[in-house]
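This report concerns only the one structure given below.
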Amino acid sequence: MVSKDELKEKLDMLEHGAALALKVEVEVYFDVITTLTDSFIRDKDMNVIYTTTTIPAASIIGVLDAMEIKRDRVHFVDAVSYMTMGGTGKMKGVTYVESPTMLENIMLKIEYLLKKHPAESHIVVLDSINSLAIHNDIKILAEFLHILVSNLRSHNCYTLIMSVAEQQADDIDSILAMVCDEFMAVTG
Amino acid sequence: MANEKLSITPDKERERCVTGIGGLDTILNGGIPRNNSVLITGSCGTGKTTLSLEFLVHGAIASEACLFVSVTEASAKMLSNIVPYDFFDEKLIDEGKLNFVDMPNIYDKLKLVQKSEFSFDDINAIVSAIEKIVKEKKVKRLVVDSITSVCFQLKTEEKIRDFILNLMKMLSSHGCTSLLISEISPEEPRYSLYGVEEAIADGIVLMGNLERHGDLLRTIQVVKMRGTEHSRAKYVLDLTPVGVLLVPLLKGGAVEGRD
């Protein structure tokens with residue numbers, strides 16, 4: 001278990017191409033998002049592909065802007081705004097997927113962003129596994145994570161799968177243990 | 001009887017026509033075997049035209065002369081509706097690498113416009129007209145969009161067979177790899193409207209719309225491809241400015257059957 005203040009140090013120690021499961025307590029959730037985004041962009045000089053299935057990209061952009069974190073290297077795959085009939089007007093840096101049940105399309109949009117910026121290093125954040133579990137059968141979710149993480153490994157990308165500690169079920173833990181190299185719980 | 005010497009060389013790999021569509025080349029173990037004529041079949045909105053055009057653009061980038069024969073709509077209109085590729089350069093058209101011909105213009109030259117049904121002579125004339133362009137421009141990749149529309153004016157199975165066989169033979173003799181687009185309705189139990197096309201073609205690539213719990217996914221599946229081992233699994237595709245992208249269809253969902 002690491003505190004949110006120790007998280008940055010832990011992220012720095014990650015090996016290239018690693019897949020990390022990050023179980024985060026609700027009260028530090030936004031702190032963790034900003035810490036990891038800042039850490040990978042500034043310290044590791046990487047692009048962040050932020051896949052959100054919980055909160056619309058526009059809300060996360062609002063948080064990053066409030067924290068004055070540069071987001072010109074953050075690309076969002078938003079799989080929640082369409083479903084909630086939220087604003088899906090053309091927002092710079094945001095690619096939309098119609099529904100969090102369209103798991104193949106989430107993979108395709110990530111693949112698209114990787115091909116669009118081939119010369120750069122990337123971290124792919126999946127926020128969160130809990131919300132994907134609401135909309136998808138556990139078998140298809142396990143298959144999705146297995147293919148996604150294997151594919152990102154072949155691209156030498158970091159993968160970071162976030163989950164909310166308070167909502168975590170045992171079967172999700174087993175899937176994460178199978179596909180990820182490291183497992184980290186973050187507390188306040 | 002022909003005295004042509006036949007030989008079987010099972011270990012010899014056939015030369016490939018690399019489509020440039022990453023996922024598709026992987027499925028096909030390196031690309032379409034050269035000189036093959038492949039039926040790209042599917043219902044509307046499945047990405048047949050976009051995929052076929054990308055095949056030509058990659059060929060043109062690789063300095064192969066390419067020809068798009070547009071039957072159903074004017075090339076200019078078709079181009080204006082296509083996904084704007086990051087890798088597309090107008091120069092490919094200006095330099096004659098990427099060529100477009102509208103079939104109605106060929107019909108016009110052959111005085112076939114008023115005819116509701118083509119004869120065997122008309123079929124020969126159409127194939128000869130296409131051959132003239134293929135020879136003149138040294139075309140190595142060709143797309144007909146769509147073969148179904150041409151067949152519509154042939155009426156009989158014999159004429160359709162004659163037309164497709166002649167066209168394929170001619171293209172193959174000129175070292176040309178071709179994609180023949182076939183339009184079918186979503187309920188169609190076979191891979192082509194007339195049934196003849198699928199039997200003759202060297203390959204069949206089936207494109208579809210898969211509905212799963214209310215979501216509509218674009219899919220692609222190589223059903224048959226002579227001259228290469230290939231995956232026969234179904235993949236999901238996306239049409240993007242970096243080209244057609246493929247990922248495996250997740251098997252946890254409901255997958256409809258096809259005989």
(request) Could you have a look at B:G214, B:P241, B:G22 and say which one has the most heavy-atom pairs with chain A under 4.5 angstrom? (result)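 Of B:G214, B:P241, B:G22, B:P241 has the most heavy-atom pairs under 4.5 Å with chain A.
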(message) As an exercise: rank B:L245, B:L237, B:D86 by heavy-atom pairs under 4.5 Å with chain A and give me the winner.
(response)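 Greatest number of close heavy-atom pairs with chain A: B:L245.
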With a 6.0 Å cut-off (strictly less than), is the heavy-atom count around [atom1] of [X], excluding the residue itself, greater than 12?
X	atom1	value
A:M67	CE	no
A:K44	NZ	yes
A:R42	CZ	no

(request) Could you tell me which residues satisfy salt bridge (Lys or Arg N to Asp or Glu O under 4.0 Å) with B:R218, sequence neighbours excluded, listed by chain and number? (result)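 Salt bridge (Lys or Arg N to Asp or Glu O under 4.0 Å) check on B:R218 returns nothing, list empty.
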(message) Quick one: does any side-chain atom of A:E104 pair with a main-chain N or O of B:P248 as donor and acceptor, under 3.5 Å?
(response)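 Side chain of A:E104 to backbone of B:P248: no pair is present.
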(request) Please state whether the side chain, the backbone, both or neither of A:S99 comes within less than 4.5 Å of a heavy atom of chain B. (result)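 Contact with chain B is through the side chain of A:S99 alone.
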(message) What part of B:L216 gets within 4.5 angstrom of chain A, counting heavy atoms only: side chain, backbone, both, or neither?
(response)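 Looking at B:L216, just its backbone touches chain A.
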(request) Show your working on side-chain contact (heavy atoms from CB on, under 4.5 Å) between B:L217 and A:N105 and close with a plain yes or no. (result) CA-CA 8 Å; B:L217 301 167; A:N105 283 12; 3.7 Å; yes
(message) Suppose a student defines contact as a heavy atom less than 4.5 Å from any heavy atom of chain B. Which residues in residues 108-138 of chain A would they list?
(response)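 Residues in range: A:L108, A:K109, A:E111, A:Y112, A:K115, A:K116.
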(message) Show the nearest heavy-atom pair for residues A:E143 and B:K251, with the distance to one decimal.
(response)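 Result for this residue pair: OE2-N, 2.8 Å.
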(message) Under the side-chain contact (heavy atoms from CB on, under 4.5 Å) test against B:L250, which residue among A:K139, A:H146, A:M107 passes?
(response)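 Only one of A:K139, A:H146, A:M107 forms a side-chain contact (heavy atoms from CB on, under 4.5 Å) with B:L250, namely A:M107.
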(message) If I take atom CG from residue B:D238 and atom CE from residue A:M102, how far apart are they, to the nearest 0.5 angstrom?
(response)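 Rounded to the nearest 0.5 Å, the CG-CE separation comes out at 9.5 Å.
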